[in-house]
Structure formats: C-alpha cells, structure tokens
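Worksheet: one structure, shown below.
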Amino acid sequence: MNAYEIIYATVRQIPYGKVATYGQIAELSNLPRRARLVGYALFRVAADADVPWHRVINAQGTISESPFRQGNDYLQRSLLEAEGVEFSPAGKVDLRKYRWQPEVDPPIADAPIALPESDCP
DNA sequence: GCCATGACGGAGC
DNA sequence: TGCTCCGCCATGG
C-alpha cells in the first residue's frame, strides 16, 4: 500500500464534525514530519477521490489558500460549518475542541493527565 | 539529473 | 503575537 493510500485512508476516517491537521495525518500515516507530503497528496487526490479533504487543515487551525483553489477555501469553511465546526472571527478553528483524536476520546479536557507511575514498568 | 517549488510543522527571535 | 528559517520529499521544467 502506498503512503498516499494510507493518507487517504486516514483522512477518510475523520469523523463527521471533526478536523485533523496535516501533521496529524502524516503521523497517523506513519510519516512523521511529512506534513508537506500529506498536503501534496491531498492536493492531487482532492480532484478525483471521495476524500473529505475539507476536514484537513493546518496546525494553526486555519484553512490554507492556494492560487489553484481560490474560492474553494470558502467552500471548505462552509462544509465544516455545516458539520458544526465553529470558526473564530479570524477564520480559525478551535483545534482544542474539534481536533480528531483517533481511538482516544477523553471525556475531560481540563483535568491534568495523570501519570500512572505504578503501572508503568 | 539538478533545481525550484509547495494544501506544512516546529523552533528560534 | 508574528515573522523567518530550516527540514522533508514528491513533482515539474
């Protein structure tokens, strides 16, 4: 399976109403520090694939623009808003709240993460 | 085959 | 907070 296939598969797993960052997708695709490749992969597949590319944004919570997709950034934002994702006046998404956390869904967010030293070998 | 570029990330200032 | 620089790799000229 190509790295791209893994990237696409990962993006497809992003649930409704959630978003993920390029770095996150890269890491989940076993490609740490290759966020750029993820963006490039999505750029190539977005035209002819059923990948929810609109749920992938940069680590700053903003939607990147590109000369090729001018106007589409607004579409992406609309799609996310339609899924319940809120944007700040600056056009940023609250990653802290909407970032997809695969196989992990801690009900609490304010509580500090306890380190189970007694359980750690 | 080399060089410049790009939907990014993170560290440094 | 915001800007700059570097790394990383695939693609196109």
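Throughout, protein chains are lettered first and strands after them, A, B, ... in sequence-line order, and every chain is numbered starting at 1.
When the nearest nucleotides of DNA chain B are assigned to A:L37 and A:N58 by heavy-atom distance, the more 5′-ward of the two goes with A:L37.
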Polar atoms only, N or O, under 3.5 Å: list the protein pairs with nucleotides 11-13 of chain C and their distances.
residue	atom	partner	partner atom	Å
C:dT11	O4'	A:Y40	OH	2.9

Between protein and nucleic acid, restricted to nucleotides 4-7 of chain C and to nitrogen or oxygen atoms under 3.5 Å apart, what atom pairs and distances do you find?
residue	atom	partner	partner atom	Å
C:dG7	O6	A:R36	NH1	3.1

**OP:** Test side-chain contact (heavy atoms from CB on, under 4.5 Å) on A:V19 and A:L80 and set out the steps.
**Re:** CA-CA 8 Å; A:V19 298; A:L80 290 176; 3.8 Å; yes
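Between A:Y22 atom OH and C:dA10 atom P there is a gap of 18 Å when expressed in whole angstrom units. The distance between atom CD of A:Q60 and atom P of C:dG2, rounded to the nearest whole Å, is 10 Å. In this structure, the CD1 atom of A:I6 is 13 Å from the P atom of C:dA10, given to the nearest Å. Between A:L28 atom CG and B:dC8 atom P the separation is 18 Å, expressed in whole Å. Rounded to whole Å, the distance from OH on A:Y8 to C1' on B:dA7 is 12 Å. Atoms CZ (A:F43) and C1' (C:dA10) sit 12 Å apart, rounded to a whole Å.
DNA chain C lies under 4.0 Å from no heavy atom of any residue of residues 82-95 of chain A. Listed by residue number, the members of residues 11-19 of chain A with any heavy atom below 4.0 angstrom from DNA chain B form an empty set.
Between atom CG of residue A:L95 and atom NZ of residue A:K18 there is a gap of 11.0 Å, rounded to the nearest 0.5 Å. Taken to the nearest 0.5 Å, the CD atom of A:Q76 stands 4.0 Å off from the CD1 atom of A:I63. To the nearest 0.5 Å, atom OG1 of residue A:T21 and atom CD of residue A:E27 are 8.5 Å apart.
Under the rule for a side chain to side chain donor-acceptor pair (under 3.5 Å), the partners of A:T62 that lie at least two apart in sequence or sit in another chain are A:N58.
Nearest heavy-atom pair across A:E86 and A:K97 is OE2-NZ, 4.0 Å. Looking at every heavy atom in both residues, A:A26 comes nearest to A:A35 through CB-N, 3.9 Å.
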Ignoring hydrogens and angles, write down the donor-acceptor pairs under 3.5 Å from the side chains of residues 7-16 of chain A, residues two or more places apart or on other chains.
residue	atom	partner	partner atom	Å
A:Y8	OH	A:A41	O	3.4
A:T10	OG1	A:I6	O	2.7
A:T10	OG1	A:S29	OG	3.2
A:R12	NE	A:D50	OD1	3.4
A:Q13	NE2	A:A9	O	3.3
A:Y16	OH	A:A82	O	3.1

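Set against B:dA7, C:dC8, B:dG9, the side chain of A:R34 has C:dC8 as its closest nucleotide. In this structure, of C:dA10, B:dA7, B:dC8, it is B:dC8 that holds the atom nearest to the side chain of A:A35.
For the pair A:R44 and A:Y4, the cation-pi criterion (under 6.0 Å, within 45° of the ring axis) is not fulfilled.
Looking only at side-chain heavy atoms (C-beta outward), A:I57 and A:V93 come within less than 4.5 Å of each other.
With hydrogens and angles disregarded, a donor-acceptor distance shorter than 3.5 Å links the side chain of A:R34 to the backbone of A:P32. A donor-acceptor pair under 3.5 Å links the side-chain atoms of A:Q24 to the main chain of A:W100, judged by distance alone.
Look at A:T21 and you won't find any side-chain N or O under 4.0 angstrom from OP1 or OP2 of B:dC8.
Within a 6.0 Å radius of CG in A:D94, more than 12 heavy atoms belonging to other residues, nucleotides or ligands are found. Counting heavy atoms of neighbouring residues, nucleotides and ligands inside a 6.0 Å radius, atom CZ of A:R99 does not exceed 12 of them.
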